[in-house]
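Predicted, not measured: the structure shown is a model, and the values here were computed from it.
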Amino acid sequence: DEDEDEDDEDEEENEAGLLSPQSLPALQETDEEEELDAEAKRQKRAGASPRRATSNDVLGVQNVMDLERERSPGRLGHSSSAHTLLMPDGKAAPAQISPEAHAHFLLVQSELQRYRELIAKKSEENFNLQQHLRALDQRIGRLLCHRITVEGTDKGDNRVNSFAARLQQASGKHISEKESVAYGRMLFLLQNNPKYLALLARQLPMSEIDDYLQTVMFTLFGSGDPREEHQLLTMFEIALSMEFDACSDLGGLMRSNTATSRMMTSYTRRDLGQQYLRKTLEIPLLMLQKLSELNLETDPIKIYKELNHQGSATDGSASPTEISAEAAMESPEVAEAVAERSANLIEVTSSFLKAITASLEQVPYGVRWLCKTIRLLTMHKFPSATPENVTSLIGGFFLLRFVNPAIISPDAFNILSTKPSTTMRRNLTMVAKILQSIANSAEYSKQKHLDSLSKFISTRNRELHTFFSDLCQVDDFFDAYRMASLGALGDVDKQLIITPNEVFSLHKLLVKHQGGLQLGEGDKLQVLIKELGEAPVALARKDNNSISLQLVHYFELDEAALRPALPTRDVQATVNADEELERTKKVYENVQTNHYTLSTKIGAYQTYLKNVRGQSISVNTLRTGQSSIQPTASGKTNKKGLRRRNTGIKAIGPFDFRLAKLDKLGVVVSTSEEQLPPFGDPARSNIVLTFSMPTPGLVIFSIRQKGRAPLFHIECPLDDLLQQIDEREPVLQLGDIVTLDAHKALMMLDRTIFR
């Protein structure tokens, strides 16, 4: 019975369709009720294939700011004064200005440029110091981890794994240090150049878009930082520009299931959007839920069928499947039910409409900014578009993609704790249908018995259109973004929490679709993709633990990237030059403070690293009494007159291993054919690999033939060897003569020096 109810529910929800505005002929054949229902269900399954754009070029447009100012006077700019300078490119002064003010303006601009260069230079120094500090910290950690492994082995602890396994277990890392730096640069580039993300999204099929958007929306830009929010909105501006540029039909915008529409839907699913939906829709939804017996179905045929089943008619009258709407309305019971339900539907819809139009100040800034972007693009791309056309497109985003899915499926949005009944779900679909018709300025029905609904829609569309217009009245963020980006140059330790598989997935997509990213020769991302090579294979779920990656700066303030992508924006945003200079000076002071703090920490870490290196020998080794261990005598006496002995280590080793034996143990990866006999040659038994530790933490490797001088000699700090273990291909290169497996070389050391 439950399955039948669900089938009936789906059938009912897909029978009726939202009518389109008369001003948009292309939409007349669109069943918008199916769109509403499909959008609500896209939380769990993918939609139809997107319509592919014919161009990926960012919209190049003429300035339509005069038109925008006429439609929304006083909203796009701020009043200027003698001390407020208009700066289209961050440099130019306004036309009307006194010579003294102009001279002051030029002086301030010169100072700003000088401080920006100082900030960039000092920030790069800070970054290098931060990288050095992190390297010292990692070296210390490896030495301590190795010491714990050796001490555990000394104590016969069978549970102690190899150093490599212990290191991986301790750090949870599946990305080498070298890869971490490269991936940090990749993520930094993607965050700070939103065009890459917008172009990449347009290349992806629907089967790949959801995972991509999950990473972009909730990981790459998921911290809630205002600067990240501005970067994300800039990505949307670029994506929408390309969407409009590739579209020649106004009716197809904001309704097709494209990558851009999916991006915008995903954006509204973030915390602020969810909070808005709960706060706005909870009360009318709870009120409707209490009216469990309420039925808002106004289709005469369905009502006739309903009443016919209830009455169990057996008088041979026409079957409900054969009757027309006009014939059904001849029944007094049906006519009365249609009138009553229409009145109830109007009342319920009014409660939702009131809640929505009263929520202007609660609508998240990003959602309002996207509405403004849609408006600006429509005005430019389709100059003949009517105000109804514009508000219809805004409604296509705000209602169709954002609000109506939550109305239809309130349980999926955690607004209601229980799943709506079949009747309530149908009622909610009817409400969403009416709201969408109001947004589209559409005639609900030409049937006379639904005149009351059509009149309701026509009388309330001005109210909703005013709300949509007010949604667009928000200031742009580019001046604040510019200053935040300048301050971010001093943030040398920006971390991003992300899973390895998310990193690998972005890497794979960039490699696969780099041809569509418009990467020129020498483009930083192009160079980085070549450096990274092919993406690693995804990890098993149990190994895919979150890691912290440092976003690696390029320490360049790209002014072009900080300006609006659209000339339709208010690029002549006013900036108080003196105020900007003062803020820039404070940024420089913070950068200098960071420089002093990092320099002080590095000195302390270097001292600690030296101490940890000196403690790299196990206690058991100190007690073995091996002939290779040569303690030094201090020459001092104790209270009993006996000479005291200094147990410091002078040298350990040397230890000799024949190359042929190391071949069998798999320690040797490769050797130079020009300088050494090939694998399997008996002469390799005369080649000896020797290693020793003259001072704690310093290992010396040498290669020689028996009775001859060494062919090669290298000093390798223990922490350098341990670092090789952390690489994806752990090898130890002894010049151009021998390459050793770093894992197995460490095992040799553990069984001799560190036993």
Side-chain angles (χ1 to χ4, degrees), residues 142-143 145-147 149-150 152-154 158 160-168 176 178 613 616-618 620-621 624 626-630 649 651-755:
R142 292 191 193 96
L143 287 169
C145 188
H146 178 256
R147 177 64 184 273
T149 302
V150 173
T153 306
D154 288 341
N158 294 326
V160 176
N161 299 319
S162 68
F163 166 75
R166 177 178 285 275
L167 182 64
Q168 179 172 304
S176 70
K178 182 179 179 181
R613 280 176 178 163
S616 59
I617 305 300
S618 78
N620 190 48
T621 301
T624 56
Q626 296 180 63
S627 60
S628 60
I629 300 179
Q630 303 172 19
I649 302 299
I652 301 179
F655 298 92
D656 295 340
F657 289 88
R658 294 181 180 181
L659 199 60
K661 182 177 181 181
L662 296 180
D663 291 341
K664 294 180 180 179
L665 295 174
V667 178
V668 179
V669 176
S670 64
T671 57
S672 171
E673 295 182 358
E674 297 178 356
Q675 303 187 57
L676 296 176
F679 282 95
D681 192 319
R684 288 175 75 92
S685 297
N686 295 324
I687 308 298
V688 178
L689 173 66
T690 301
F691 58 87
S692 61
M693 181 176 283
T695 60
L698 180 65
V699 182
I700 294 180
F701 293 89
S702 64
I703 302 171
R704 61 182 174 83
Q705 290 187 353
K706 286 184 178 181
R708 295 187 182 182
L711 297 171
F712 181 80
H713 175 93
I714 186 174
E715 296 181 356
C716 178
L718 176 60
D719 34 300
D720 281 353
L721 174 59
L722 299 180
Q723 180 179 353
Q724 297 301 317
I725 305 297
D726 195 29
E727 296 295 330
R728 186 169 296 279
E729 296 181 359
V731 296
L732 180 62
Q733 193 73 36
L734 303 183
D736 57 354
I737 299 178
V738 177
T739 302
L740 303 180
D741 184 304
H743 281 291
K744 295 179 179 179
L746 180 62
M747 291 174 61
M748 289 169 49
L749 296 178
D750 287 347
R751 293 171 182 174
T752 52
I753 294 177
F754 303 112
R755 57 181 296 178

Nearest-0.5 Å distance that lies between atom [atom1] in [X] and atom [atom2] in [Y]:
| X | Y | atom1 | atom2 | answer |
| --- | --- | --- | --- | --- |
| C716 | L698 | SG | CG | 8.0 Å |
| Q705 | I687 | CD | CD1 | 4.0 Å |
| E673 | F679 | CD | CZ | 9.5 Å |
| S702 | I737 | OG | CD1 | 10.5 Å |
| D720 | E715 | CG | CD | 11.5 Å |

What I'd like to find out is whether the side chain of [X] reaches to under 4.5 Å of the side chain of [Y], using heavy atoms alone.
| X | Y | value |
| --- | --- | --- |
| V668 | L662 | yes |
| R658 | D663 | no |
| L665 | K744 | no |
| I700 | P694 | yes |
| L659 | L676 | yes |

Apply side-chain hydrogen bond (donor to acceptor under 3.5 Å, both in side chains) to Q733 and list each qualifying residue two or more places apart in sequence or on a separate chain.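 Result, side-chain hydrogen bond (donor to acceptor under 3.5 Å, both in side chains) vs Q733: T739.
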Please identify each residue that fulfils side-chain hydrogen bond (donor to acceptor under 3.5 Å, both in side chains) with T671, with sequence neighbours left out.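 T671: side-chain hydrogen bond (donor to acceptor under 3.5 Å, both in side chains) contacts with R684.
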For [X] and [Y], which heavy atoms make the closest approach, and how far apart are they?
| X | Y | result |
| --- | --- | --- |
| V669 | D741 | CG2-N, 3.4 Å |
| P717 | R613 | CB-NH2, 4.2 Å |
| P654 | S692 | CA-CB, 3.7 Å |

Could you check T690, V738, L732 and say which one makes a side-chain contact (heavy atoms from CB on, under 4.5 Å) with F701?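 Looking at T690, V738, L732, the match for F701 under the side-chain contact (heavy atoms from CB on, under 4.5 Å) is L732.
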Between I703 and H713, is the side-chain contact (heavy atoms from CB on, under 4.5 Å) condition met? List the steps. CA-CA 7 Å; I703 302 171; H713 175 93; over 6 Å; no
Partner set under salt bridge (charged side-chain N to carboxylate O under 4.0 Å, His left out) for D656, not counting sequence neighbours: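 Per chain and number, D656 pairs via salt bridge (charged side-chain N to carboxylate O under 4.0 Å, His left out) with R704.
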